[in-house]
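A short worksheet on the structure shown next.
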Amino acid sequence: MKVIDRPALDQLLTALRRRGYRPVGPTVRDGAIIYDEIRTTADLPVGWTDEQEAGVYRLKRRDDQALFGYVVGPHSWKRFLHPPARRLWQAEREGSAVRFISEEEKDAPKFAFIGARACELHAMAMQDKVFLEGAHVDASYQSRRKNLFIVAVNCGQAGNTCFCVSMQAGPKATAGFDLALTEVLEGGRHYFVVEEGSAEGSALLREVESRPAEGAETETADRIVAKTADQMGRTMETAGLKELLYQNYEHPRWDDVAARCLTCGNCTMVCPTCFCTTVEEVTDLSGEHAERWQKWDSCFTIDFSYIHGGSVRPSPKARYRQWLTHKLATWHDQFGSSGCVGCGRCITWCPVGIDLTEEVKAIKDSGK
């Protein structure tokens, strides 16, 4: 374990750019903390935090100058690894022939994620299974993923909609990072306890002013993470959850949630593990040029399950049940783990405040 002082974090960003990386991290924009390209620590949400509850998100000032004193915002890192819209190919008419132009990414961007939380690292590992394992590898995702450098940040506070402890996905980063920071503001000092997670992370840290961590400093970092784990705003009992949902496809609670659900798809858009896409063809008015685009899609849209004859899931009840059951039950059969990391985004960004932890508890408590 090493320690770097607050000014040395700018040295780390400079070292990343020197190696060809594009640092991407949290920044304040349009009343939210989102992920975008950053150049210095001044671009980070210095002194800002976020208040979250079901259907509620707002920023407020902290009483210190913490750089990572927030929870999570509406963006997840999949925006950079699995973009919301990606052109697959173009076609142009040349006389009586058609010429196809591939959109293969020969030079995928080298991103450095700054401030990834433990739950988000677990989400990336889940998407790795989706896009990198099996017979069909997503070449675009693969090229972006292999060029990635991750600076994780252990959570110093939990939000009211967080339940990563229940999902065994946080608040401490345990794998999947090159460097992991714990931010400490104590006694007039502002520093980061750093854990090295890869050879490249260790090499980069040698370009930054650092020193070995003292026992009291590592104990302080551990205490911060332990306190965060005790602050979770939500919990979810996961023992027997898959079987519970399988046995309750016709539970009356599905009708209750359907009466509230707007089927807007917000929960799937902000979720760091949802991966569904659709394909669209567009053409110009002359008919001389056409393009095929891959775009994020949601199982909450009626067109998502449309086949000849109609939609397989025509009702809000069927679509919400599909989403929740896949996330917490059938995902186990498909990928060997839950599809939820407990980040709480789907609760915060639901316009009507539907809370999946409440829905699960209601089914469980009914005893059916």
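Values below: all heavy atoms of this structure, side chains included; hydrogens, waters and symmetry mates excluded.
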Sub-4.5 Å side-chain heavy-atom contact between Ile224 and Asn154: no

Cluster overlap Leu262 with Phe300, hydrophobic side-chain contacts below 4.5 Å: yes

Verdict with supporting geometry, Val193 and Glu195, side chain to side chain contact (heavy atoms under 4.5 Å, CB included): CA-CA 7 Å; Val193 177; Glu195 180 181 355; over 6 Å; no

Trp77 side chain reached by Phe111 side chain, heavy atoms, under 4.5 Å: no

Heavy-atom donor-acceptor pair, Asp43 side chain to Thr40 backbone, under 3.5 Å: yes

Step-by-step ring-ring contact (aromatic ring centres under 6.0 Å, His included) determination, Phe275 to His82: CA-CA 8 Å; Phe275 56 86; His82 175 48; 7.8 Å; no

For Pro171 against Val225, the heavy-atom pair lying closest together: CG-O, 3.7 Å

Atom NZ of Lys110 with >12 non-hydrogen neighbours under 6.0 angstrom: yes

Test log, rule salt bridge (charged side-chain N to carboxylate O under 4.0 Å, His left out), inputs Arg58 and Glu53: CA-CA 9 Å; Arg58 62 173 62 90; Glu53 192 45 81; over 6 Å; no

Gln168 atom CD: more than 12 heavy-atom contacts under 6.0 Å: no

Presence of salt bridge, Lys295 and Glu280, under 4.0 angstrom: yes

Main-chain N/O of Glu94 paired to Arg99 side chain as donor or acceptor, under 3.5 Å: no

Summary of ring pair (Phe, Tyr, Trp, His ring centres under 6.0 Å) pairs that have at least one residue in residues 164-221, sequence neighbours excluded: His190-Phe192

Working for side chain to side chain contact (heavy atoms under 4.5 Å, CB included), residues Tyr306 and Thr301: CA-CA 9 Å; Tyr306 183 87; Thr301 66; over 6 Å; no

Side chain to side chain contact (heavy atoms under 4.5 Å, CB included) partner of Arg345, chosen from Pro74, Cys350, Ser76: Ser76

Within 6.0 Å of CZ in Arg29, more than 12 heavy atoms from elsewhere: no

Single-linkage hydrophobic cluster Val151~Val71, side-chain heavy atoms < 4.5 angstrom: no

Backbone N/O of Pro314 and side chain of Arg319: donor-acceptor pair under 3.5 Å: yes

Donor-acceptor pair, side chain of Ser305 and main chain of Arg313, under 3.5 angstrom: yes

Shortest non-hydrogen contact between Ile33 and Tyr57, atoms and distance: N-OH, 3.0 Å

Over all atoms of both residues, closest heavy-atom pair of Cys346 and Leu356: SG-CD2, 3.6 Å

Main-chain N/O of Ser140 paired with Ser143 side-chain donor or acceptor, under 3.5 Å: yes

Minimum-distance pair of heavy atoms, taken over all atoms of Leu132 and Val137: O-CG2, 3.5 Å

Atom of Leu16, atom of Pro23 and distance for their closest heavy-atom approach: CB-CG, 4.4 Å

Common cluster, Leu241/Tyr320, ILVMFWY with side-chain heavy-atom separation under 4.5 Å: yes

Nearest-0.5 Å distance, CZ of residue Arg39 to CG of residue Leu13: 10.0 Å

Side chains of Arg6 and Thr41, donor plus acceptor under 3.5 Å: yes

Under 3.5 Å: donor-acceptor pair, side chain of Glu183, backbone of Leu67: yes

side-chain hydrogen bond (donor to acceptor under 3.5 Å, both in side chains) partners of residues 256-270, not counting sequence neighbours, each pair once: Asp256-Arg260, Arg260-Glu359, Thr268-Ser298

Whether Asn160 side chain and Gln52 backbone form a donor-acceptor pair below 3.5 Å: yes

Polar side-chain atom of Ser202 near backbone of Ser198 as donor-acceptor pair, under 3.5 Å: yes

Non-hydrogen side-chain atoms of Thr238 and Met167 separated by less than 4.5 Å: yes

Test item: Gln231 side-chain N/O and Ala158 main-chain N/O as donor-acceptor pair under 3.5 Å: yes

Side-chain H-bond candidate by donor/acceptor type, Lys327 with Thr273, under 3.5 Å: yes

Within residues 226-249 or reaching into it, pairs that qualify as ring pair (Phe, Tyr, Trp, His ring centres under 6.0 Å) - sequence neighbours excluded: none

Connected via hydrophobic side-chain network under 4.5 Å: Val72 and Leu81: no

Over all atoms of both residues, closest heavy-atom pair of Ile347 and Arg234: CG2-NH2, 4.1 Å

Backbone of Arg79 reached by a side-chain donor or acceptor of Trp296 within 3.5 Å: no

Approximate separation, where rounding is to 0.5 Å, of Asp178 CG and Phe113 CZ: 11.5 Å

Short side-chain donor-acceptor distance under 3.5 Å, Ser286 and Asp284: yes

Row check, Tyr70 ring normal vs Arg117 NZ/CZ: under 6.0 Å, within 45°: yes

Donor-acceptor pair between Asp128 and Tyr141 side chains, under 3.5 angstrom: yes

Test item: side-chain donor near acceptor, His326 and Gln334, under 3.5 Å: yes

Flag side-chain contact, heavy atom, 4.5 Å: Glu120 against Tyr35: yes

same_hphob_cluster(Val184, Leu9) at 4.5 Å side-chain heavy-atom cutoff: no

Side chain to side chain, Arg321 and Arg253, heavy atoms closer than 4.5 Å: no

Over 12 foreign heavy atoms within 6.0 Å of CD, Glu200: yes

